[in-house]
Structure formats: C-alpha cells, structure tokens
Amino acid sequence: MDDDAGDASPPPAAAGVGATAAQSRDMAASPTSSRSVTETVNGSHRFVIQGYSLAKGMGVGKHIASETFSVGGYQWAVYFYPDGKNPEDNSAYVSVFIALASEGTDVRALFELTLLDQSGKGKHKVHSHFDRSLESGPYTLKYRGSMWGYKRFFRRTALETSDFLKDDCLKINCTVGVVVSTIDYSRPHSILVPDSDIGYHFGTLLDNHEGVDVVLNVGGERFHAHKLVLAARSTVFRSKFFDDEDGEKNEPGENDDVQEIVIDDMEPKVFKAMLHFIYRDTLVDDNELGGSSSEGSIFDTLAAKLLAAADKYDLARLRLLCESYLCKAISVATVASTLALADRHHAMELKAVCLKFAAENLSAVIRTEGFDYLKDNCPSLQSEILRTLAGCEEECSSGGKSQSVWGQLSDGGDTSGRRVRPRT
C-alpha cells in the first residue's frame, strides 16, 4: 500500500483510543513553520590616505593597507596601490581592492568602493555590487588574502587634478555585504520578556539611601551603602563585614547600627565609580573613564584606577569591563604603559592583547617613552614581549605572511603614536 495514502478511515477503537486520535487532529490543526532567509550582513569602513604624494613611487604591486574591520564574522581590509597592481599598466593607474583578512572558505559577499568627492558637490566615484543585477550571484572569496577590486580604479594623471584629491589626501569608503543564510522558525506562541532591570532598581536604592547600614568615608567624602549588597558583589567586603577577627562568620543583623568605615587608599571619584558598578553592573560614562587629558599617563585615567580597584576588591566582571574599555585605546604610544598596568593588576585578557600588539609593532614601540618605562620598571615584561614575538614569527613562517615581524625592525616603524599593523 502506498505510504502517502491518507483517506482510509481508522478502525474502530477501544474506549480512550478515540480521544487520542482527536488530540492528534487538534495538534495538526496548529502547525509550526520555518523558512530559510538569505540576506547580507553589511558593514562599512572609511579609509583615509593622508600624504598621497609621498606614497607614490613605492613600486608597482605594493600597497597601503587599512586597519582591518569586521563584517559578518570575517575580517576585511582595503588595499590601495599608489603605483597600480598591474605591471603592464606602467603605473598609469591607481588600484583599489577589498581583501579577506581572516580565515574563510568560499565567503560570498557583495562589495562597494566609493572614492569621495571632497569639493562638496557629491560627485563621488562609485563601484558597487549592491545596485546592479547579479547575473552570476555574489562574488566568492576562496581563502584568506582573496581580493575584489579594480586594477584600473582611476588614471593617476586624472586623479591628481580632480576634486577627489584635496590637501594631498584621499578618502575611500568601503562597504562589504556578507551573504548569510538563517532559518526563521515561527512558534505558535511567544511572550516578549524585557531586559533585566535589576540594575536600575538597585541603583535607585543607592541613590535614595534607603535602608543603608554602612557609611564609607573616602578622602573625607561619605558614601552611604548596604553591607549585603557590597558583600554579595565582593569577597573582600564580605570578609570585612561578616568575618570577625577569628575568622568566624557574623550573621547579618547582629550589628544594626550604621557603621562607618574609612578607606584611605582610593580617590572618592574612583570609589564612586566602583559603587556605580556594584549596584548597577555597568561602567560610568565614557567621558568620565577617560580621566585626565590625552597627553597624561594611562595610569592617571579613571579607567586605570578603576581597574586597580576591581583587582583590590575582587570584582572580576568590573576588571574585565575596564580591560575591554582600555583595549580600545591601545596604540603604539600607549601599549607599553597599558601592558605594565595590566600586569600590575592581573588583567590577563588586556595583557595578552598588549603583548601581541607590541610584538607585531615592535620596531615602533621600542622608540616610545612607555617602552623606556618598561626597561626601568618592568624588565620581565620585555622578555614576555620577545617570547610573544618569537611566537608571532613562527606563525608568520607557517601562515605565509608576506612580511615578518622581524622585518619591521629593519624597515622602521611609525613613532607618532598611530596604530601600526603588519600587512597581511
């Protein structure tokens, strides 16, 4: 009998079996559904080429690379060839390409390159996949280093007399759309649950001083708080409030009087920021975390002092949040001092990033004041940088990079504090 036949009536059933069959029909009346959705995950990056005239003459096939940027789970970079990529063109054209800068196999994507008109007239030069019929589908990049772009992006003589070049500067916008497929599954019933608001309510408790049972005197400034909240967040506070001198546990409520504790090793603004995290589970605003002027030491910023406080009071999540914030500001000029800070306060994630960045840009980093600081105060960290460098060199030799990290030492580096990355 054909398995697909479905018109035959069921045989007579014993008591109770008929109810089961009715349940099956009810379930079939409310089916679930799913659909496959193929779309693009888009991201853009602006690449500014300052000093175009100085880049000319570097040679056919040699490029200037942008910082890498992430789109669709992959790293990308823009390559600009001042003397062109094709030897047959005799440097008559500039070339521009978008390159896959991370590991990936058969990555399908759409691309757009825009050379910005800097006259304000809006007459940009645009090469785009997005606004044209895709007869052969998206472009497929087979492996890391695969590129899409134009060998003859613009004739050099025309470029140098155009509105695209202003103050010896070019600006290129790059958009990448990575093709992804997902399954959209529709469930019969769902209820949207909002994000947790516990941080808001605990923050209100702190702001209103409701039920406070401890006052913390920090540099003459008094902060009202709750022992249970502090103890729940920090093992250091838990020990301070609920362990007696003999190590015995004290039950909450044994001392109902408001207790005042003096903290003399922290600035009031740092303690206030730490309290903000303890109650709200978030960092204070970015403009507060920056601390002193950009010319000051990294150690003088609120973010650095808050990292130290997180280490002292065993606030692991706060420490990681500070590491993430400080990581965004790593550059040639700051990496050595940030490394010293991370090592001092057990910020292992931040330390690992600093070691890798310093090793990849060693020729520039060694000429900074921060590196001199490491020589005088943290010589062991210099050894760690060299060990990381050796690991990078091994990766370069096995990964087929075009220029080794040791090559930077002979080629020279950027000492102006800008980010420097090895070409890939």
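Predicted model only: the values in this text are computed from it and were never measured. Counting begins at 1 with the first residue of the sequence. Just so it is clear, the values below take in all heavy atoms, side chains as well, and ignore hydrogens, waters and symmetry mates.
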### Query
Any side-chain heavy-atom pair from Asn86 and Ser95 closer than 4.5 angstrom?
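Result no, sub-4.5 Å side-chain heavy-atom pair not found.
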### Message
Using side-chain heavy atoms (C-beta onward) and a distance below 4.5 Å, is Leu113 in contact with Thr175?
### Response
no
With distance as the sole test, does [X] use its side chain to make a donor-acceptor pair with the main-chain N or O of [Y] at under 3.5 Å?
{"X": "Asp281", "Y": "Gly199", "answer": "no"}
{"X": "Asn377", "Y": "Tyr373", "answer": "yes"}
{"X": "Thr40", "Y": "Gly177", "answer": "no"}
{"X": "Asp117", "Y": "Lys123", "answer": "yes"}
{"X": "Arg233", "Y": "Ile278", "answer": "yes"}
{"X": "Gln259", "Y": "Val214", "answer": "no"}
{"X": "Ser234", "Y": "Leu230", "answer": "no"}
{"X": "Arg144", "Y": "Glu103", "answer": "no"}
{"X": "Asp83", "Y": "Gly57", "answer": "yes"}

### Query
Can a cation-pi geometry be assigned to Lys85 and Phe97, taking NZ or CZ under 6.0 Å from the six-membered ring centre and within 45° of the ring axis?
yes
Run the salt-bridge test on [X] and [Y] with the 4.0 Å N-O cut-off and return the result as yes or no.
{"X": "Glu384", "Y": "Lys351", "result": "yes"}
{"X": "Asp311", "Y": "Arg319", "result": "yes"}
{"X": "Arg222", "Y": "Glu260", "result": "yes"}
{"X": "Arg280", "Y": "Asp207", "result": "yes"}
{"X": "Asp265", "Y": "Lys312", "result": "yes"}

Ring centroid separation [X] to [Y] under 6.0 Å:
{"X": "Phe111", "Y": "Phe130", "value": "no"}
{"X": "Tyr93", "Y": "Phe154", "value": "no"}
{"X": "Tyr81", "Y": "His63", "value": "yes"}

What is the distance from atom [atom1] of [X] to atom [atom2] of [Y], rounded to the nearest 0.5 Å?
{"X": "Thr235", "Y": "Lys240", "atom1": "OG1", "atom2": "NZ", "answer": "12.0 Å"}
{"X": "His45", "Y": "Thr68", "atom1": "NE2", "atom2": "OG1", "answer": "8.5 Å"}
{"X": "Ile183", "Y": "Ser36", "atom1": "CD1", "atom2": "OG", "answer": "4.5 Å"}
{"X": "Lys328", "Y": "Asp286", "atom1": "NZ", "atom2": "CG", "answer": "6.5 Å"}
{"X": "Arg46", "Y": "Lys171", "atom1": "CZ", "atom2": "NZ", "answer": "6.0 Å"}
{"X": "Ser146", "Y": "Leu141", "atom1": "OG", "atom2": "CG", "answer": "5.0 Å"}

### Message
Is the ring pair Phe202/Tyr279 parallel, tilted or perpendicular, if the boundaries are 30 and 60 degrees?
### Response
tilted
### Task
Run through Arg155, Arg156, Arg152 and flag the one making a salt bridge (charged side-chain N to carboxylate O under 4.0 Å, His left out) with Asp89.
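Result for salt bridge (charged side-chain N to carboxylate O under 4.0 Å, His left out) with Asp89: Arg152.
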### Message
For Glu112 and Ser128: C-alpha separation, side-chain torsions, deciding distance, then whether side chain to side chain donor-acceptor pair (under 3.5 Å) applies.
### Response
CA-CA 4 Å; Glu112 183 176 281; Ser128 179; 2.7 Å; yes
